[in-house]
Amino acid sequence: LQNLLSSSQQHQDLAKEVRNIISTIDMTLEAIKYKDGKLEILNQLALPEKSEYISIQSVEDAWDAIHSMKVRGAPAIAIVGCLGLLVEVLQKDFTSIDEAIKWVKESLDHLVAARPTAVNMSKAASHLRTAVQQWEFKSVQNWKARLQMEIEGMLEKDLDDNKQIGEHGADEILENFLPSEGKVSILTHCNTGSLATSGYGTALGVIRSLFSRGKIDRVYCTETRPYNQGARLTAYELVHDGIPASLICDSMAGALLAQGKVTAIITGADRVTANGDTANKIGTYQLAVLARHHNIPFYIAAPFTSIDATIPDGSHIPIEQRPAAELTHIKGSRIAAPGIEVWNPAFDVTPADLITGIITEQGVFSPHSLPL
Ligand code: MRU
């Protein structure tokens, strides 16, 4: 009887393991599905429980997806904004190119306002505003085809940039901070992976490159309260790739660093200003302070589309305030005392002096000498 019982337990364990493996294979990391004028995004509000795609057919759909954070992460926001605009342009009848340009400019203004801190959408909008004005076409059809080429190019460029960021970041860490054991442990914050970009990721791209070189001992990802991008999204990506990783609460970072468990901290950026100050997910600044105290390198990984040379320093970055319910409730259930007031900034600014280097697609730069 004992044998029978233990073998049935083994079967159950095996079945559970198989179910876990199947669910991992099912996990999709494609945040943005775009082909020939059709756009779908993975609803990141439903992750990790459900992998559900939503169709984006207009500027308004894109605005709503960005504002409600169904898609989030600085590069992904810009790509979905621009692709949403493209999808609607391709469907729309314009009587003249001037009419189309006017509509595009107004739509870009609207999209930029969906979330204020990440600069990528606003930079893409300035680029497109200038570009559409310069193209010389006689037919609306040809003008639309040119716009399509321009916007589709952004998607491809972001993926290429991320791969470059990954390689430069891995070189930097291995050349300067490889411990004698031959592997590194990286702490990261928020989600900067395939789900925040067109694919691969920025800080998570560096981690992917280190892993593909066999150099990752362990990744620590913070939960990233209040929206839990770390627990829901980064953990999901790390499990998907089979990277050895542990989830920690944001408040555990100090204890982890004090135990000497982390080789380097790498996070992403929503906006890097001319002097190297960097806005990123709330909680990044405290990690940089901790890193300095423990003499651990602190890197920002970001494409040039996240660098805003028009702003001198971090004090000028608009910081988005999110609704109180993100802090007081989890999945609709209240966790905070009713009546309590809330301060819920979505981002903070890390001063350049606390940043060891900014890892970009063009190489790693001191925050004090960005090639602007
Ligand atoms: O509020 P979110 O989830 O859009 O914040 C995202 C971040 O702060 C990321 O670190 C940043 O956008 C870089 S994504 C490559």
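We use all heavy atoms of the structure for the numbers below, so side chains are in, but hydrogens, waters and symmetry mates are not. Counting from 1, the numbers follow the sequence of the chain as shown. In each ligand, atom 1 is the first atom listed, and ligand 1 is the first ligand listed.
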Original post:
Which residues pass the salt bridge (charged side-chain N to carboxylate O under 4.0 Å, His left out) test with Asp348, sequence neighbours left out?
Top reply: none
**OP:** For Ser96 and Val140, work out which heavy atoms get closest and say how close.
**Re:** C-CG2, 3.8 Å
Original post:
Applying the side chain to side chain contact (heavy atoms under 4.5 Å, CB included) test to Leu187, which of Ile248, Thr267, Ile266, Thr263 qualifies?
Top reply: Ile248
Subject >> Shortest non-hydrogen contact between Tyr227 and Arg72, atoms and distance >> reply: CE2-CG, 4.5 Å
Subject >> cation_pi(Lys281, Phe347) dist<6.0 Å, angle<=45 >> reply: yes
Original post:
Is a salt bridge present between Lys331 and Glu49, judged by a nitrogen-to-oxygen distance below 4.0 Å?
Top reply: yes
Contact table ligand 1 N or O to protein N or O, d under 3.5 Å:
unit_1	atom_1	unit_2	atom_2	d
ligand 1	1 (O)	Arg115	NH1	3.4
ligand 1	1 (O)	Arg115	NH2	2.8
ligand 1	1 (O)	Lys281	NZ	2.8
ligand 1	3 (O)	Arg72	NE	2.8
ligand 1	3 (O)	Arg72	NH2	3.2
ligand 1	3 (O)	Gln229	NE2	2.8
ligand 1	4 (O)	Gly73	N	3.0
ligand 1	4 (O)	Arg115	NH1	2.8
ligand 1	8 (O)	Asp270	OD1	2.7
ligand 1	8 (O)	Asn280	OD1	3.1
ligand 1	8 (O)	Lys281	N	3.2
ligand 1	10 (O)	Asn280	OD1	2.6
ligand 1	12 (O)	Ala74	N	2.8
ligand 1	12 (O)	Asp270	OD1	3.3
ligand 1	12 (O)	Asp270	OD2	2.9

